[in-house]
Peer 1: 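What follows is a structure written as structure tokens; I'll ask about it next.
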There are 2 protein chains.
Amino acid sequence: MNLKQLSHMLSLSQTTVSRALNGYPEVNEETRRRVMDAAKHHGYRPNPSARRLATGKSGMIGYVLPTGAAVDIDPHFVEFLSGLGDYARAHELDLVLSPADADDEETTYRRIVANRQVDAVYISSPRPADKRLALVNTLGIPFIVHGRSEGFDFDYPYLDIDNEGAFHEAARLLIQLGHKRLALINGNERETFAIHRERGVRRALAASGLTLGERHIRSVTMTEENGYRAARRLLEEAEPPTAIVCSSLIMALGVVRAVRDLDRTIPGDLSLVAHDDVFPWLRPENFPVPLSTTRSSIRLAGARVAERLAARISELEEGARGEVWPVDLVVRGSVAGAPG
Amino acid sequence: MNLKQLSHMLSLSQTTVSRALNGYPEVNEETRRRVMDAAKHHGYRPNPSARRLATGKSGMIGYVLPTGAAVDIDPHFVEFLSGLGDYARAHELDLVLSPADADDEETTYRRIVANRQVDAVYISSPRPADKRLALVNTLGIPFIVHGRSEGFDFDYPYLDIDNEGAFHEAARLLIQLGHKRLALINGNERETFAIHRERGVRRALAASGLTLGERHIRSVTMTEENGYRAARRLLEEAEPPTAIVCSSLIMALGVVRAVRDLDRTIPGDLSLVAHDDVFPWLRPENFPVPLSTTRSSIRLAGARVAERLAARISELEEGARGEVWPVDLVVRGSVAGAPG
DNA sequence: CGAAATAGCCAAAGCGCTTTGGAAGTCTCT
DNA sequence: AGAGACTTCCAAAGCGCTTTGGCTATTTCG
């Protein structure tokens, strides 16, 4: 059943039927009713390919997925996706994943924009002066950044959590408990979130006249193994830190293992706080010693990003609105007063 | 630059240019050269929307993503996706994720087929007599199942690993080491892979005149917490199992924690084998006691599924070919002879 | 050598929608 | 009553491809 048939059936022109269905004003209300009813009754659904060709809009949102033999997709991605799906499902919004060579995402961005494959895109894990951001900005496709970048002469719409604030609070708590030697096991130092987190920790330390030693900060990709290695190095020093702030639960698993291997205890010898993106399959309260966390649901962020993308597509949202979510500090058994 | 302009430029008809570009035979080789060169030189790329409308092919593959407040996307998904991307990237194949209400995926499948949004779909985590399978089969869209279903009167194309064989081997090894009380911490019992794994364990036990006690099998969703709970229950029995086979690394984390909490040791009191889908961020060799595993890279499976989907789209692959991959059994420190 | 086959090209008709540029008919106002 | 302003609809022109049917040379073959 296509538009032609439907309009024939109603003895109306395609124009009128199309307009009635799409809510244009120049059609009599009663006519609109008739059309709507007939459409519903016959289960008419406009052909999206045709609509696309005519309007240039696809009704989909896009994400360029960096891939490559040496590239691993962040496990957080799947949770973000859950959230995105939560919103998109209710709005028949589909998501197009365009795999790209991690070393050349630009080609793919250009392709999807030139082809008008998607109406909007989102960008995640941005770095300072991230090229993708500058690119989509000039390409003129609606977008939202999940996270923040820095060092541009233009503003852009984003959704981020207060990474600096969160890690500032975490560090402050530890300092209040008497810890003087803090360490930070951070994510990839080139990503903005990691920079913000480091900033938060440093600021808290500075407020008490303390500093983050050169060797007391590690920036690594977030795997269990990297968490373990980083923790071992830190703890095997002559004057090991008495508290660690860690950028992910997965790395925290490694930290816990390292502490065990070295026959130390949490929180006796070491206090530990980690950031929790809220995975359903790994909960901080179920760590051997319940883990204190800075918590922010990445899933909710996904839903919000989808919502805002939809708003931008329909031009309900405009401009460079930035949104920063506060982060909860949840204190559990893994922190205690500094030893000694 | 569109076809019209290009053909004008070459003083050829759109027909000829189109045919030259798409490799049809009824065009002079020299003409084809000219066309190809001009197309490359001017950076001509056919408009996909137009092509879609004309051919009905979208050049994308689809996946219906079950979502809902209570639905969590399997963390394995992201690794599978990495593999899919590895292949798709090289072929400019995009992936469309269509979020659907987990309780009603049918509507979404019907929509994407009716709208011809994608040329092929894949289905993952199938259950016996899975409705999605019957549905896509009747809808007539090319598809591949990642995993297997059972109980249909038709065959279908799939890619699966030898779950039964893998768990048979794992159980057999443990039995050879003298274990008589095995337990299985399995995934959701309604999914085929879990059924196959259970079958494998039972078969190995039966071969030695042993059985899997009613209380020695747990089917749960794969979270750390569920692994912990299942292990505790098992280990707190009067006659606890001396070996556990576990369906995922994530659950194995919980098992390890439970063993610790009960002051037992691996492999002294308990031997442990788990299935490893090969996550980059959690490696069995890095468990407190290196974990024996049945290993199969879900990422490679993703790449293979993409490859086969592409083949089916271009009709290079047909029929109901099933492909079953063998699984490696990797023995590490977590298994030992039965205690006592 | 004439008929039939083949190679190589083209005009035009889709694909199914949206949107432009009217054209009637109806109201409103002087 | 006639001019102007709405209201309500329509025919037709896109959107940019693919594909059908046909046409003109050129080659092949009995």
Side-chain angles (χ1 to χ4, degrees), chain A residues 1-36 38-39 42-60 92 111-119 313-315, chain B residues 1-36 38-39 42-60 92 111-119 313-315:
Chain A
M1 161 78 37
N2 59 20
L3 184 61
K4 195 174 188 175
Q5 294 165 18
L6 183 65
S7 57
H8 215 101
M9 206 159 264
L10 287 159
S11 301
L12 285 171
S13 73
Q14 296 189 36
T15 310
T16 304
V17 176
S18 171
R19 286 184 161 151
L21 260 22
N22 293 324
Y24 283 73
E26 53 269 88
V27 46
N28 190 318
E29 271 314 314
E30 200 212 302
T31 312
R32 190 192 301 278
R33 270 266 134 263
R34 265 182 62 217
V35 173
M36 295 284 226
H42 293 92
Y44 168 74
R45 313 260 318 181
N47 177 317
S49 302
R51 168 174 279 179
R52 263 173 95 138
L53 180 58
T55 63
K57 302 246 153 193
S58 68
M60 309 197 193
E92 285 199 6
R111 172 171 64 84
I112 65 177
V113 169
N115 289 351
R116 297 172 152 274
Q117 277 185 358
V118 296
D119 297 340
I313 289 173
S314 47
E315 294 179 333
Chain B
M1 164 74 41
N2 59 21
L3 184 61
K4 195 173 186 176
Q5 293 165 17
L6 183 64
S7 56
H8 214 103
M9 206 157 264
L10 288 159
S11 300
L12 285 171
S13 73
Q14 295 190 36
T15 309
T16 304
V17 175
S18 171
R19 284 184 165 151
L21 260 22
N22 294 324
Y24 283 73
E26 52 269 88
V27 44
N28 189 314
E29 271 314 315
E30 200 213 301
T31 312
R32 190 193 302 278
R33 269 267 135 263
R34 265 182 65 218
V35 172
M36 295 282 228
H42 293 92
Y44 168 74
R45 313 261 316 180
N47 178 318
S49 302
R51 170 174 276 179
R52 261 175 96 139
L53 180 57
T55 64
K57 302 247 152 194
S58 67
M60 309 197 195
E92 285 200 6
R111 171 171 66 83
I112 65 177
V113 170
N115 289 352
R116 297 172 150 272
Q117 279 185 358
V118 295
D119 297 340
I313 289 173
S314 47
E315 294 180 335

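Chain letters run A, B, ... following the sequence lines, proteins first and then strands; every chain starts at 1.
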Peer 1: If each of Ser11(B) and Leu3(A) is mapped to the nucleotide of DNA chain C with the nearest heavy atom, which maps nearer the 5' terminus, i.e. the 5' end?
Peer 2: Ser11(B)

Peer 1: If you look at every strand shown and take non-hydrogen atoms under 4.0 Å, does Ser7(A) touch a base, only sugar-phosphate, or nothing?
Peer 2: nothing

Peer 1: Which residues within residues 53-60 of chain A lie with some heavy atom under 4.0 Å of an atom in DNA chain C?
Peer 2: Ala54(A), Thr55(A)

Peer 1: Just the endpoints, please: which first and last nucleotides of DNA chain C, 5' to 3', lie under 4.0 Å from a heavy atom of chain B?
Peer 2: dG8(C) to dG16(C)

Peer 1: State plainly whether the residues Arg45(A) and Glu92(A) are in salt-bridge range, i.e. N to O under 4.0 Å.
Peer 2: yes

Peer 1: Does the pair Thr15(A) and Ser18(A) meet the rule for a side-chain hydrogen bond (donor to acceptor under 3.5 Å, both in side chains), with working shown?
Peer 2: CA-CA 5 Å; Thr15(A) 310; Ser18(A) 171; over 6 Å; no

Peer 1: Would you say the side chains of Asn28(B) and Arg34(B) form a donor-acceptor pair under 3.5 Å?
Peer 2: no

Peer 1: Is any side-chain heavy atom of Leu10(A) less than 4.5 Å from a side-chain heavy atom of Ser7(A)?
Peer 2: no

Peer 1: Any chance you could measure Leu3(B), atom CG, to Asn47(B), atom CG, to the nearest 0.5 Å?
Peer 2: 10.5 Å

Peer 1: Does Gly59(A) offer a backbone N or O that forms a donor-acceptor pair with the side chain of Asp119(A) under 3.5 Å?
Peer 2: yes

Peer 1: Measure from the side-chain N and O atoms of Arg52(A) to the backbone N and O of Lys57(A), and report whether any donor-acceptor pair falls under 3.5 Å.
Peer 2: no

Peer 1: Under 4.0 Å, heavy atom to any atom of DNA chain C: which of residues 12-21 of chain A qualify?
Peer 2: Gln14(A), Thr15(A), Ser18(A), Arg19(A)

Peer 1: Any donor and acceptor pair, going by atom type alone, linking the side chain of Asn22(A) with main-chain N or O of Tyr24(A) inside 3.5 Å?
Peer 2: no

Peer 1: What is the distance from CG of Asn28(B) to C1' of dT24(D), rounded to the nearest Å?
Peer 2: 15 Å

Peer 1: Are Arg19(B) and Glu26(B) side-chain neighbours, meaning at least one heavy-atom pair lies under 4.5 Å?
Peer 2: yes

Peer 1: I need the Leu6(A) CG to Leu21(A) CG distance, nearest 0.5 Å.
Peer 2: 7.0 Å

Peer 1: Under 4.0 Å, counting only non-hydrogen atoms across every strand here, what does Ser49(A) touch: a base, just sugar-phosphate, or nothing?
Peer 2: nothing

Peer 1: To the nearest angstrom, how far is Glu26(B) atom CD from dG21(D) atom P?
Peer 2: 14 Å

Peer 1: Check this for me: does any side-chain nitrogen of one of Glu29(A) and Arg32(A) sit under 4.0 Å from a carboxylate oxygen of the other?
Peer 2: yes

